[in-house]
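Worksheet: one structure, shown below.
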Amino acid sequence: MDGFSDSDFLRGLSDGMSVVRRWVQRNEIVAEYSDDERECAMQFGSDSADLLVRIVLDKDTDASLSVFVHPDFEVPDERRAVVLETCNLLNVAMLLGNVEFDPDERRVRYRYLLAYPSGQLDAELFEGVFDGCLDSANRSVKALMGVTTGKLTPSEALASLSDSE
């Protein structure tokens, strides 16, 4: 077995990373875990870019989970200002998470933080949040990719986010 007890899994209140591991196994996803077992990284494809998805659990209290989505594309220097404007517009409209532009790395990313009672991340909560994050990240990345390539204006990107909800 993989070191998880059935009683922990059935109870749904086991260590947060065991909830993540069970989800990864159940969905047959290839994932890498950090040495301290507090971070999980996975690759996903989307309509607009490949996505590196990182799940990071609070190291001390097991009371928060962060989801980071890093799309595999760079923002050209001449598109930086318009991508930053688009990030701001999208963040006002987003219900779950936010998008950011890192000018040093020339990349955008999606981020979401979930706080929960210490040690009480359950499978249902995780799955709902994670599915919502992937959906929100995919729509945001698609809109930002359109702006990055010059196919969409910031206002068109915002409208495309609303159209897909």
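For clarity, every value in this text was computed on a predicted model and none was experimentally measured.
For the pair Leu161 and Ser140, the minimum side-chain heavy-atom distance is below 4.5 Å. For the pair Leu52/Asp72, no side-chain contact is recorded, criterion being any heavy-atom separation below 4.5 Å from C-beta on. Between Thr148 and Val108 the shortest side-chain heavy-atom distance does not fall below 4.5 Å. At least one side-chain heavy atom of Leu144 sits under 4.5 Å from a side-chain heavy atom of Thr86.
Between the side chain of Ser118 and the backbone N or O of Thr61, at least one donor-acceptor pair lies under 3.5 Å. Of the possible polar contacts, one joining the Arg79 side chain to the Val147 backbone as a donor-acceptor pair under 3.5 Å is found.
Annotation: Glu78, atom CD; neighbour count of heavy atoms from other residues, nucleotides and ligands within 6.0 Å is above 12.
Trp23 and Phe126 have perpendicular rings, their planes meeting at more than 60° on a 0 to 90° scale where under 30° would count as parallel.
For the pair Leu90 and Ala157, the tightest heavy-atom approach, listed with the atom from each and the gap, is CD2-O, 4.1 Å. Nearest heavy atom pair, residue Leu114 against residue Val129, reads CD2-CG2, 3.9 Å. Taking both residues in full, the closest heavy atoms of Ala143 and Leu152 are given as O-CD1, 3.9 Å, listed atom of the first, atom of the second, then distance.
Note: the hydrophobic cluster containing Phe130 also contains Leu51 (ILVMFWY, side chain heavy atoms under 4.5 Å, direct or indirect links). Side-chain heavy atoms closer than 4.5 Å link hydrophobic residues (I, L, V, M, F, W, Y) into clusters, and following such links, possibly through other members, connects Val141 to Met42.
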Exercise. Determine, step by step, whether Val53 and Tyr110 satisfy the side chain to side chain contact (heavy atoms under 4.5 Å, CB included) criterion, reporting the C-alpha distance in whole Å, the side-chain angles of both residues, the deciding distance to 0.1 Å, and the verdict.
Key: CA-CA 9 Å; Val53 178; Tyr110 169 90; over 6 Å; no

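From Arg109, atom CZ reaches atom CG of Asn98 across 9.5 Å, with rounding to the nearest 0.5 Å. With rounding to the nearest 0.5 angstrom, the CD1 atom of Ile55 is 9.0 Å from the SG atom of Cys133. Expressed to the nearest 0.5 Å, how far CE of Met17 lies from SG of Cys40 amounts to 5.5 Å.
Just one of Asp58, Asp122, Asp62 meets the side-chain contact (heavy atoms from CB on, under 4.5 Å) condition when paired with Tyr116; it is Asp62.
Remark: the Arg107 side chain and the His70 side chain contain no N/O donor-acceptor pair separated by less than 3.5 Å.
In summary, Arg38 and Asp60 do not engage in a salt bridge, as defined by a charged side-chain N under 4.0 Å from a carboxylate O.
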